[in-house]
Protein chains: 2
Amino acid sequence: MAKTQPPAAALDTVDRGILRELGDNPELTNKALATRLGIAESTCAYRVRALRDNGVITGRRLDVDTRALGYPLQAVIKVRLGSHSQEHVEKLYDDLVRTPGVIQAFHVAGADDFHLYVAVEDAEALRDFVLQHVTVHRVVRQTETLLVFELREGPGVLPRDTA
Amino acid sequence: MAKTQPPAAALDTVDRGILRELGDNPELTNKALATRLGIAESTCAYRVRALRDNGVITGRRLDVDTRALGYPLQAVIKVRLGSHSQEHVEKLYDDLVRTPGVIQAFHVAGADDFHLYVAVEDAEALRDFVLQHVTVHRVVRQTETLLVFELREGPGVLPRDTA
DNA sequence: CATGAAATTCGTCAAAG
DNA sequence: CTTTGACGAATTTCATG
């Protein structure tokens with residue numbers, strides 16, 4: 001459970017530069033990053049580590065092409081619950097987020113309680129997924145499945161101010 | 001524009017091992033990865049590069065805590081279009097995916113056309129975001145905004161077979 | 001294709017301003 | 001907090017099996 005910074009941690013120009021450059025190109029080496037920012041390599045490494053220790057940078061993720069892996073079908077499964085007891089919701093969330101095929105699981109406020117972003121082999125596998133991993137939970141009242149044509153990554157958020 | 005493999009690229013045990021280990025821990029060094037898989041470092045680096053060249057590994061991403069950056073509110077904005085001409089849809093998608101604050105943009109099949117996953121400063125900023133960046137497009141007919149309580153990453157997909 | 005060793009590059013640490 | 005410089009570690013290249 002990651003502790004969240006109460007306010008926004010105070011970030012200076014260097015911190016913002018690191019987040020901007022590393023956001024654009026997460027594979028930059030520490031040396032290349034330092035050069036771009038005009039600071040010493042040791043300083044750069046120190047700052048990056050600090051951002052990590054402060055919980056600003058939480059980690060890295062590998063992007064894979066699910067189609068190339070044999071899972072060409074992507075979908076969003078909207079999950080609506082019957083009971084909303086905290087116990088039930090937590091348990092279901094834990095189970096879903098461990099289910100192979102689930103890429104992301106959004107817990108949202110609204111008529112639907114969860115949005116599951118999944119990748120599967122084909123339409124049959126999608127049907128089986130919903131039946132075997134979602135509606136099998138008795139707390140699930142209803143589901144609705146949307147085909148995902150495409151997912152694009154946006155720029156996300158940058159620290160305030162900087163260009 | 002990443003070319004997608006027509007079928008699933010043929011992946012052997014080593015490839016699957018790389019994807020499994022790197023999926024679990026994307027920050028493994030090449031050396032550590034090679035050791036875990038019981039192969040030479042040079043071989044490991046070669047294989048990883050090949051997976052990348054074949055479009056199986058598409059890149060890496062930096063995970064940041066949007067709250068720590070001063071954007072504590074996350075939402076999914078469901079966007080419904082009036083016109084569905086390919087030209088309009090493409091143009092809107094391009095614009096949205098470049099808008100600061102947008103983390104991901106799903107193009108989906110259903111009553112809604114897009115799901116925008118965004119992070120903003122507060123409720124007011126969320127309202128402004130919708131007005132200034134979404135409904136400002138004349139092709140947008142309707143929006144619906146859902147608060148995101150939490151997003152968890154799932155295990156995603158693994159190549160078939162391997163444990 | 002995979003390997004090990006050489007050559008290069010990179011990250012880390014201590015000392016100091 | 002930042003930098004320099006030196007050390008140790010990791011990545012890449014390449015010749016060989």
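These numbers come from the heavy atoms of this one structure, side chains and all, not from hydrogens, waters or symmetry mates. The chains referred to below are lettered A, B, ... by the order of the sequence lines, with proteins before strands, and numbering in each begins at 1.
As rounded to whole Å, 11 Å separates atom C1' of D/dT3 from atom CD1 of A/Ile39. The separation between B/Asp53 atom CG and C/dC1 atom P is 14 Å, rounded to whole Å. With rounding to whole Å, B/Glu27 atom CD is found 17 Å from D/dT11 atom C1'. Residue B/Leu37 contributes atom CG, which lies 16 Å from atom C1' of C/dC1 at whole-angstrom precision.
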Indicate for each nucleotide in nucleotides 9-17 of chain C, in 5' to 3' sequence, whether protein heavy atoms under 4.0 Å reach the base (B), only the sugar-phosphate (S), or nothing (-). -SB-B----

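Contact check, A/Arg47 against D/dT2: a side-chain N or O comes under 4.0 Å of OP1 or OP2. For the OP1/OP2 pair of D/dC1 and a distance below 4.0 Å, the side-chain nitrogens and oxygens of A/Tyr46 include at least one atom meeting the criterion.
Here the options are A/Val64, A/Thr66, A/Val118, the test is side-chain contact (heavy atoms from CB on, under 4.5 Å), and the partner is A/Ile103; only A/Thr66 passes. Checking A/Val130, A/Val134, A/Val136, A/Asp128 one by one against A/Gln132, the side-chain contact (heavy atoms from CB on, under 4.5 Å) holds for a single residue, A/Asp128.
Separation of atoms OG1 (A/Thr145) and CD1 (A/Ile77) is listed at 5.0 Å; rounding is to 0.5 Å. In this structure, CG on A/Leu19 lies 6.0 Å from CG on B/Leu69, to the nearest 0.5 angstrom. Distance check: B/Arg47 CZ to B/Ile39 CD1 gives 7.0 Å after rounding to the nearest 0.5 Å.
Ion pairing between A/Glu27 and B/Arg52 holds under the 4.0 Å rule for side-chain N and carboxylate O.
With hydrogens and angles disregarded, a donor-acceptor distance shorter than 3.5 Å links the side chain of A/Asn30 to the backbone of A/Glu41.
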Test salt bridge (charged side-chain N to carboxylate O under 4.0 Å, His left out) on A/Asp112 and A/Arg141 and set out the steps. CA-CA 10 Å; A/Asp112 298 309; A/Arg141 177 182 296 260; over 6 Å; no

Using a 3.5 Å limit on both pairing distances, list the dot-bracket string of DNA chain D from the 5' end; Watson-Crick and G-U wobble pairs count, crossing pairs take [ ], interstrand pairs take |. ||||||.|||||||||.

